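Working notes, beginning with the structure itself.
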Amino acid sequence: MKKNKLASFIFAGVLAVSSVPVFTGCAPRNEVLRIYNWGDYIDESLIGKFESWYKAETGKRIEVEYDTFDTNEDMIMRIEVIKSDYDLVCPSDYMAERMIKNGLAQKVDRSIFDMTDDFMYDGLAEMIEPFDEYHEYFVPYVWGTFGLMYDTNHIEAGSEEMKTWGAMWSSKYKKRILMKDSVRDAYSVSRIYQNREKLAELSNGFTDYNDEYRKELTTYFTEISMSAIKSAQNSLIKQKSYLYKYEVDDGKNDMLAGTTKAWLGLFWTCDTCLIMQEDGGDHFYYEVPKEGSNVWVDGWIIPKYAGNKTAANYFLKFISMYEGDGKHDYAMTNFEYMGASMASKSVMAAAKADLEEDDGTDEDSVFYGKEPWFKQMYIDMLFPTDEVLSRCAVMRDFGKKWSTELDSMWIDVKTS
């Protein structure tokens, strides 16, 4: 896999518009594809390639209008409240479930894009079937875990202290910690941390991630109550005194550039992989804490108010293509840009083979000049082992009432 250059981060800023989307193009609506995606979540070269591919495929012109969001909650407000007519959005699993349940998603047109049974990486189908049983609405795109990323210039690689969520509440790292400005992630981590003793007991000191342990862990991502919310709120308020700041996308860039006082933080693997590919990204380590964590899936949904669902379906076909011929390998192009775990089984198989064979001697290798520990850590991050996945659970939608309660809790935490 090839390294990106730092300039690739500029793309998200160039494509992003103001907090209220403004579409200024003059093209007819059926010649425009409006996409709402996470920042740093596509290789910018694919935008133009799709427009050309679409013309060759359909004989029709298409212009892509691309906008980015920071959190699932920002995205759903545009769809659910403002009713913006985006043609494709990229929610995480729990938000996709909410959209499907609330009638905010349209079915994928299988005559244009038909996911075959072996399209998805092993295990992904089981993750999404609880909310999209027949794979009618949600097309998996990127997946991974969340955990701790830290700077080995200040913290020893493989440190025992970083194998636990306790690091995020540690006075030793006061004002060195970054926390995600994301209510579901913050709430989930807090619940796991608060119940660490119970989880340790169920797993025999985190040596046996058995069914009873998994049942308990899963409740933190699927069940909720006012007492759980209040408990998490108290824990997160306590954490504030140790934090350097809350962040969503800028923390990884600041750590890479060395323009922050932070040494560690809660990160998604899509972010950690991205900066570890960059020049200067050789001193970061990623760890899924022993108490347990989240395995997430981000994917495409065609919203209820989409104005060009035909083009949306063609984009799904395009962005998922990997034929191994070097001509129609758009999914691999995207992987090489993002460096994150992709939904495509064939892309992941080819990528893993390349990474394992890579001896790091090529200057363009992601392993070039890296410490001996880096290669295995990086591969394990992209391809989590069964042991790691056994201590991870998928987030589910709590429902509108509880989502509102959580949002209120998060406001109280941040203004406390």
Side-chain angles (χ1 to χ4, degrees), residues 35-38 41 69 71-73 75-80 86-146 184-185 188 214 218-224 268 270 294-306 308-321 331 334 340-348 384 389 392-400 402-403:
I35 300 176
Y36 201 22
N37 196 8
W38 298 90
Y41 242 38
F69 58 85
T71 69
N72 281 287
E73 288 67 32
M75 181 279 298
I76 197 61
M77 182 181 69
R78 301 288 171 226
I79 304 302
E80 198 169 48
Y86 288 107
D87 302 309
L88 281 170
V89 296
C90 189
S92 299
D93 33 42
Y94 74 93
M95 193 58 74
E97 179 180 10
R98 174 172 167 178
M99 294 182 71
I100 294 169
K101 286 195 305 187
N102 294 344
L104 294 172
Q106 299 190 48
K107 290 184 178 181
V108 173
D109 186 344
R110 298 300 183 186
S111 69
I112 298 175
F113 173 62
D114 188 15
M115 285 191 295
T116 60
D117 291 340
D118 61 352
F119 166 75
M120 283 184 276
Y121 189 73
D122 293 343
L124 284 186
E126 291 78 8
M127 294 181 199
I128 67 176
E129 282 169 2
F131 61 88
D132 188 13
E133 183 176 2
Y134 302 109
H135 306 176
E136 296 177 299
Y137 298 94
F138 184 74
V139 177
Y141 178 51
V142 182
W143 67 281
T145 59
F146 71 46
R184 281 301 302 265
D185 294 323
S188 301
R214 288 188 53 76
T218 299
T219 63
Y220 308 146
F221 294 96
T222 60
E223 300 176 13
I224 193 168
W268 304 298
C270 55
N294 166 239
V295 56
W296 50 267
V297 186
D298 293 344
W300 299 106
I301 275 188
I302 303 172
K304 176 181 179 179
Y305 306 108
N308 194 347
K309 62 182 182 180
T310 297
N313 279 283
Y314 274 104
F315 185 84
L316 294 177
K317 179 180 180 180
F318 169 85
I319 203 69
S320 302
M321 289 179 68
N334 222 14
S341 303
M342 309 301 287
S344 170
K345 187 175 184 177
S346 57
V347 167
M348 290 293 280
L389 291 177
C392 292
V394 179
M395 283 186 191
R396 299 294 303 278
D397 176 41
F398 285 149
K400 188 172 182 179
W402 290 112
S403 295

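Predicted model, so just to flag it, every value in this text is computed and none were measured. Computed from heavy atoms alone, side chains included, the values below leave out hydrogens, waters and symmetry copies.
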**Request:** Look up atom OG in S344 and atom CZ in F119, then write down how far apart they are to the nearest 0.5 Å.
**Result:** 5.5 Å

**Request:** Looking only at non-hydrogen atoms, find the nearest pair between F113 and N313 and report the distance.
**Result:** CB-O, 3.8 Å

Distance-only donor-acceptor pairs under 3.5 Å for side chains of residues 295-303, two or more places apart:
residue	atom	partner	partner atom	Å
W296	NE1	G144	O	3.4
W296	NE1	T145	O	2.9
D298	OD1	S92	OG	2.6
D298	OD2	Y41	OH	2.7

**Prompt:** Residues in salt bridge (charged side-chain N to carboxylate O under 4.0 Å, His left out) with E136, at least two apart?
**Reply:** K107

**Request:** Please name the pair of heavy atoms, one in E73 and one in I76, separated by the smallest distance, quoted to 0.1 Å.
**Result:** O-CG2, 3.4 Å

**Asked** Atom CG of N334 and atom CD1 of I319: how far apart are they, to the nearest 0.5 Å?
**Response** 4.5 Å

**Item:** 4.5 Å side-chain heavy-atom contact, L104 and Y305
**Value:** yes

**Request:** Heavy atoms only: give me the nearest Y121-M342 pair and the separation to one decimal.
**Result:** CB-O, 4.3 Å

**Prompt:** If every non-hydrogen atom of W143 is compared with every non-hydrogen atom of A343, which pair is closest and at what distance?
**Reply:** CD1-N, 4.1 Å

**Prompt:** Any salt bridge (Lys or Arg N to Asp or Glu O under 4.0 Å) pairs touching residues 123-133, not counting sequence neighbours?
**Reply:** none

**Prompt:** Residues in ring pair (Phe, Tyr, Trp, His ring centres under 6.0 Å) with Y94, at least two apart?
**Reply:** none

**Item:** Contacts of type salt bridge (charged side-chain N to carboxylate O under 4.0 Å, His left out), residue R214, not counting sequence neighbours
**Value:** none

**Message:** Tell me the closest heavy-atom pair linking F221 and R184, and the distance in Å.
**Reply:** O-NH2, 3.2 Å

**Asked** For the side chain of R396 and the backbone of E223, is there at least one donor-acceptor N/O pair under 3.5 Å apart?
**Response** no

**Request:** Measure the NZ-NZ distance between K400 and K101 for me, rounded to the nearest 0.5 Å.
**Result:** 12.5 Å

**Asked** At what distance, to the nearest 0.5 angstrom, does NZ of K304 lie from CD of E80?
**Response** 10.5 Å

**Asked** Is any side-chain heavy atom of R98 closer than 4.5 Å to a side-chain heavy atom of P91?
**Response** no

**Message:** Could you check whether any side-chain heavy atom of W38 comes within less than 4.5 Å of a side-chain heavy atom of F69, counting everything from C-beta outward?
**Reply:** yes

**Fill in**
Here the gap from L88 atom CG to F315 atom CZ, rounded to the nearest 0.5 Å, amounts to 7.0 Å

**Prompt:** side-chain hydrogen bond (donor to acceptor under 3.5 Å, both in side chains) with D109: which residues, sequence neighbours excluded?
**Reply:** S111

**Asked** Is the backbone N or O of A393 less than 3.5 Å from a side-chain atom of N294, with the two atoms forming a donor-acceptor pair by type?
**Response** yes

**Prompt:** Quick one: are M99 and F138 in side-chain contact, heavy atoms under 4.5 Å?
**Reply:** no

**Item:** Check: E97 side chain, D397 main-chain N or O, donor-acceptor pair, under 3.5 Å
**Value:** yes

**Item:** Inter-residue atom distance K345.NZ - D118.CG, 0.5 Å rounding
**Value:** 6.0 Å

**Asked** Would you say Y220 and S188 make side-chain contact, with heavy atoms under 4.5 Å?
**Response** no

**Item:** Side-chain donor/acceptor of D87 to backbone N/O of A312, under 3.5 Å
**Value:** no

**Item:** Student check: side-chain heavy atoms of M127 and D93 closer than 4.5 Å
**Value:** no

**Request:** Identify the heavy atoms of P140 and I128 that sit nearest to each other, and give their distance.
**Result:** CG-CD1, 3.7 Å

